[in-house]
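Note that the numbering runs from 1 along the sequence shown for the chain. The analysis underlying the following values was restricted to heavy atoms, covering all of them including side chains, and did not include hydrogens, waters or symmetry mates. Both ligands and their constituent atoms are indexed starting at 1 by order of listing.
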Amino acid sequence: MAELVFFSGTMDCGKSTLALQMDHNHRARGRHGLTFTRLDRAGEAILSSRLGLATPAIEVTPELDLWEVVVTHLMGGQKVDFVICDEAQFYAPEQIEHLARVVDELDIDVFAFGITADFRTQLFPGSRRLIELADRVQVLQVEAMCWCGRRATHNARIVDGVMVVEGEQVVVGDTDGGASGLVEYEVLCRRHFMRRMNAKAAQAAALSADVLPLELDACPIPPC
Ligand SMILES: Nc1ncnc2c1ncn2[C@@H]1O[C@H](COP(=O)(O)OP(=O)(O)O)[C@@H](O)[C@H]1O
Ligand SMILES: Cc1cn([C@H]2C[C@H](O)[C@@H](COP(=O)(O)O)O2)c(=O)[nH]c1=O
């Protein structure tokens with residue numbers, strides 16, 4: 001029986017790599033798939049991983065009807081044995097419903113990949129719908145790590161080196177936001193996310209703690 005599976009995890013935990021591996025493994029066994037993505041950092045209509053692998057994909061524009069794409073392929077005589085959807089957090093809730101329909105009415109497996117929450121810890125609308133509808137939510141085995149060594153559970157947004165908790169929900173990673181600065185992301189454990197302490201802030205805090213006693217030693221005013 002076909003399934004809708006949501007493979008989720010923080011940024012940088014290997015979701016796109018797993019999507020590419022699953023696509024490769026199925027195709028290597030003669031199965032035919034459709035690959036979708038939205039707003040991949042490598043550009044439009046491409047599914048890429050940080051390991052350097054990439055494959056062409058159908059770009060999921062906000063108005064795209066995913067059910068219709070699959071049905072059109074089938075009506076055109078093409079086989080569709082599975083569907084891969086990367087960056088699924090960016091899909092509209094209705095598009096997630098299209099995917100559930102593909103599973104239930106066409107008996108085609110759908111494997112969706114994405115992060116659950118944004119830089120404010122709020123669920124993306126697409127991820128929320130996936131959690132509501134998926135047969136299974138599978139957390140990725142490779143865990144991303146916070147700078148402190150704990151398991152990373154949260155995605156922090158860093159603008160010009162400083163962690164922020166306000167702004168647009170969607171800003172593609174590692175891009176120059178122009179007037180709004182260089183936008184990067186860093187995964188953190190909850191403790192350091194709550195304290196707004198990314199690696200750079202922790203380093204600065206450690207440095208000032210090192211420097212403080214020296215400054216006190218050098219201070220000409222005796223302690224009171
Ligand atoms: N130079 C490297 N050597 C080995 N593994 C790497 C290297 N660079 C990145 N990775 C792996 O790639 C993962 C990120 O892959 P990617 O599929 O792009 O993640 P995601 O889609 O979850 O953001 C990292 O967690 C790490 O395991
Ligand atoms: C937390 C967060 C992330 N994004 C963007 C940044 C990246 O382009 C993708 C995640 O991709 P990955 O393959 O999982 O690294 O999402 C965003 O737009 N808003 C956010 O809050």
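Residue contacts with ligand 2: T10 is placed with no nitrogen or oxygen under 3.5 Å of a nitrogen or oxygen of the ligand (distance criterion only). Between L39 and ligand 2, not a single N/O pair is under 3.5 Å apart.
Among all heavy-atom pairs drawn from A201 and R196, the shortest one is CB-O, 4.4 Å. Among all heavy-atom pairs drawn from C85 and V110, the shortest one is SG-CG1, 4.2 Å.
Close approach of ligand 2 to F119 is summarised as follows: ligand atoms under 4.0 Å from at least one heavy atom of the residue are 1 (C), 20 (C), 21 (O). Each of the following atoms of ligand 2 lies closer than 4.0 Å to a heavy atom of V170: 18 (O). The K15 neighbourhood of ligand 2 comprises atoms 14 (O), with distances under 4.0 Å to a heavy atom of that residue. Numbered from 1 in the order shown, with element, the atoms of ligand 2 that lie under 4.0 Å from a heavy atom of R41 read 7 (C), 11 (O), 12 (P), 13 (O), 15 (O). Near R157, meaning under 4.0 Å from any of its heavy atoms, are these atoms of ligand 2: 19 (N), 20 (C), 21 (O). Remark: ligand 2 atoms within the under-4.0 Å shell around heavy atoms of G173 are 6 (C), 7 (C), 8 (O). The distance from ligand 2 to the heavy atoms of V172 drops below 4.0 Å at these ligand atoms: 8 (O). Residue N155 has at least one heavy-atom neighbour below 4.0 Å for each of these atoms of ligand 2: 1 (C).
The protein heavy-atom contact nearest to atom 18 (O) of ligand 2 is V171 N, 2.8 Å. Residue, atom and distance of the protein heavy atom nearest to atom 16 (O) of ligand 2 are F90 CZ, 3.2 Å. Ranking the protein heavy atoms by distance from atom 4 (N) of ligand 2 puts Y185 OH, 3.5 Å first.
Side-chain atoms of E105 and W67, non-hydrogen and from C-beta on, do get closer than 4.5 Å to each other. Put simply, the side chain of E59 reaches to within 4.5 Å of the side chain of R38, judged on heavy atoms. Side chains of E87 and L39 form no contact here, defined as non-hydrogen atoms less than 4.5 Å apart.
From D23, atom CG reaches atom OG1 of T35 across 4.0 Å, with rounding to the nearest 0.5 Å. The line from OG of S16 to CZ of R41 is 7.0 Å long, rounded to the nearest 0.5 Å. Taking CD of E3 as the reference point, atom CG of D107 lies at 11.0 Å (rounded to 0.5 Å). Remark: T153 OG1 to R191 CZ distance equals 11.0 Å, nearest 0.5 Å.
At least one heavy atom of R50 sits under 4.0 Å from some atom of ligand 2. Residue contacts with ligand 2: E87 is included, with a non-hydrogen atom under 4.0 Å away.
Around atom CD of Q169, more than 12 heavy atoms belonging to other residues, nucleotides or ligands sit under 6.0 Å away. Around CZ of R50, the count of heavy atoms belonging to other residues, nucleotides or ligands within 6.0 Å exceeds 12. The number of heavy atoms from other shown groups lying within 6.0 Å of CZ (R27) is above 12.
Protein residues with a heavy atom closer than 4.0 Å to ligand 1 are M11, D12, C13, G14, K15, S16, T17, S49, R50, L51, listed by chain and number.
The heavy atom nearest to atom 19 (N) of ligand 2, out of those in E184, Q89, E186, Q169, is found in Q169.
Tested against H26 for a side-chain hydrogen bond (donor to acceptor under 3.5 Å, both in side chains), the candidates Q21, H32, R31 yield a single pass: R31.
Side-chain atoms of Y91 come within 3.5 Å of backbone atoms of D86 as a donor-acceptor pair (strictly under, hydrogens ignored).
At a 4.0 Å heavy-atom cut-off, ligand 2 does not touch F113 at all.
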